[in-house]
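Some notes on the structure that comes next.
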Amino acid sequence: MVNLKKKIKQIYRKRRIFWYYKNSKDPEILELINNLKIYGTRPFLGDFIKKYENFHTKVYREKGEGCFWVMHNGKKLFFSKDSYKQGVDIAYMKLNREQDINSPHRYIENYEDLNDCYVIDAGAAEASFSLDAVDRARKIYIFECNPAWKEPLEKTFENYGDKVEVIDKFVSNVDSNDSITIDTIFKRAIKENGFSYQKDKIFVKMDIEGMEEKAIRGMKKTLELAQHIQLSICAYHRQDDEETIRKYFPESEWEIKCSPSYMLFPYDENQKPPYFRHGVLRITKK
């Protein structure tokens, strides 16, 4: 009965989307609508998804039923020992699809922007983004609260020493037993690493399930003082996320670009027009 209700709800949602965009001439929207007819409601509907329909990778496992891992751009990327080979294969396909150059969920256009940066990876999961950044960055702070990722993250970054710090707290607007602010991270970095707001570069990636605004409020000093800062902030988890996030970055001080195309986020029960949303806001201080 639950699955039937869910299926009926999806059918009605599709019809509302088709009706809302029935007169659209936007080629990006028309591409998404065409694929919506084929694939149904899913977050990614651009034509780029077709290249991942038969995507597979070789999945390895450590001895003694240890963690699973795959080769990711020449480095080992670890997954939980509680997973299974097919699940890791699917998860890795989704990672590559999500970060495709044409994906609305791609965090960064050019990884060279991370050269010599202090990188905040908020909402890391397996931290493939940080692994791609680690040889370029000066220092990486990885935030991931899910205990299932603790061991895989330790293994993925075991050869990088103090260059990578894994923090099992939420990024938020207050410091507490289970949360920390970005302002606090950089206050520590000044003492521990000689970080300078005036000289050093910062890159902040946020993908924290709709808690992005709280994290932004917890970096007020950093946004004010940092002279060289870029942010990549997910803006699709809630209906008004993009509008809310933009208020913190006035056009007089910040340049804001959107990742390509749009996402559909079917897991939001409060959807209303427009149904397609920008996935990531790429923000740079002028």
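Note: hydrogens, waters and symmetry copies are ignored here, and every other heavy atom, side chains too, is used. Positions are given from 1, in the same order as the sequence printed here.
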Could you tell me which non-hydrogen atom of [X] sits nearest to which non-hydrogen atom of [Y], and how far apart they are?
X    : Y    : value
I256 : F249 : CD1-O, 3.8 Å
R42  : Y39  : NE-CB, 3.6 Å
G40  : L45  : O-CD2, 3.6 Å
N115 : K201 : O-NZ, 2.6 Å
F68  : S80  : CD1-O, 3.4 Å
L77  : E126 : CD1-O, 3.5 Å

If you count every heavy atom of other residues, nucleotides or ligands that lies below 6.0 Å from [X] atom [atom1], does the total exceed 12?
X    : atom1 : result
D162 : CG    : no
N110 : CG    : yes
Q198 : CD    : yes
E109 : CD    : no

(request) Given side-chain contact (heavy atoms from CB on, under 4.5 Å), test K14 with L36 step by step and report yes or no. (result) CA-CA 8 Å; K14 280 176 64 175; L36 177 60; 4.2 Å; yes
[Y] side chain reached by [X] side chain, heavy atoms, under 4.5 Å:
X    : Y    : answer
R138 : C117 : no
W254 : T284 : no
I202 : Q230 : no
F265 : Q271 : no
F78  : L153 : no
I216 : I233 : yes
Y118 : F203 : no
L223 : L231 : yes

Just to verify, what does [X] make a side-chain hydrogen bond (donor to acceptor under 3.5 Å, both in side chains) with, not counting sequence neighbours?
X    : value
K169 : none
Y21  : none
D183 : T222

Tell me if a side-chain donor or acceptor on [X] pairs with a main-chain N or O of [Y] at a distance below 3.5 Å.
X    : Y    : result
Q227 : L225 : yes
E28  : D26  : no
S232 : K205 : no
K285 : A226 : yes

Say you draw a straight line from [atom1] of [X] to [atom2] of [Y]; how long is it, rounded to the nearest 0.5 Å?
X    : Y    : atom1 : atom2 : answer
T156 : H72  : OG1   : NE2   : 10.0 Å
D116 : D200 : CG    : CG    : 7.0 Å
K37  : L32  : NZ    : CG    : 12.0 Å
E212 : Y248 : CD    : OH    : 12.0 Å
M211 : D241 : CE    : CG    : 11.0 Å
L30  : N35  : CG    : CG    : 11.0 Å

(request) Not counting sequence neighbours, list each pair that qualifies as a ring pair (Phe, Tyr, Trp, His ring centres under 6.0 Å) and has a residue in residues 204-230. (result) none
State which residues pass side-chain contact (heavy atoms from CB on, under 4.5 Å) with [X]; sequence neighbours excluded, sorted by chain then number.
X    : answer
D89  : H56, T57, V59
E98  : F44, H105, Y107
N173 : K214, R217
E192 : R188

(message) For Y92 and F79, take the angle between the two ring planes, folded into 0 to 90°, and tell me which bin it lands in: parallel under 30, tilted 30 to 60, perpendicular over 60.
(response)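 Answer is perpendicular, since the angle exceeds 60°.
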(message) For a salt bridge (Lys or Arg N to Asp or Glu O under 4.0 Å) check, start with the C-alpha distance between K257 and E255, then their side-chain angles and the critical distance, and finish with the verdict.
(response) CA-CA 7 Å; K257 295 181 179 179; E255 180 183 5; 3.8 Å; yes
(request) Using the test ring-ring contact (aromatic ring centres under 6.0 Å, His included), find all partners of Y84 that sit at least two apart in sequence or belong to another chain. (result) none
(request) With sequence neighbours excluded, tell me which residues meet ring-ring contact (aromatic ring centres under 6.0 Å, His included) with Y141. (result) none
(message) Less than 4.0 angstrom from a charged side-chain N to a carboxylate O is my criterion; do K50 and D47 meet it?
(response) yes
(request) Inspect the contact between K150 and E154 and indicate whether a charged nitrogen and a carboxylate oxygen are less than 4.0 angstrom apart. (result) yes
With the 4.5 Å side-chain cut-off for hydrophobic clustering, are [X] and [Y] part of the same group?
X    : Y    : result
V119 : V166 : yes
M219 : I180 : yes
I101 : M93  : no
F170 : W149 : no
M206 : I245 : yes

Side-chain donor-acceptor pairs of residues 272-282 under 3.5 Å, sequence neighbours excluded:
| from | atom 1 | to | atom 2 | distance (Å) |
| --- | --- | --- | --- | --- |
| R277 | NH1 | Y236 | O | 2.6 |
| R277 | NH1 | D268 | OD2 | 3.3 |
| R277 | NH2 | Q239 | OE1 | 2.9 |
| R277 | NH2 | D268 | OD2 | 2.8 |
| H278 | ND1 | E242 | OE1 | 3.0 |
| H278 | ND1 | E242 | OE2 | 3.4 |
| R282 | NH2 | R106 | O | 3.2 |

(request) Name all pairs fulfilling the side chain to side chain donor-acceptor pair (under 3.5 Å) condition that reach into residues 61-71, sequence neighbours left out, sorted by first residue then second. (result) E62-K155
(request) Please say whether the positively charged group of R15, taken as NZ for Lys or CZ for Arg, lies over the ring of F18, i.e. under 6.0 angstrom from the six-membered ring centre and within 45 degrees of the axis. (result) no
(request) Before giving the answer on side-chain contact (heavy atoms from CB on, under 4.5 Å), spell out for I208 and H237 the whole-Å C-alpha distance, their side-chain angles and the decisive distance to 0.1 Å. (result) CA-CA 9 Å; I208 45 179; H237 292 104; over 6 Å; no
(message) Using side-chain contact (heavy atoms from CB on, under 4.5 Å), reason through Y60 and V70 one step at a time and then give a plain yes or no.
(response) CA-CA 6 Å; Y60 304 88; V70 301; 5.7 Å; no
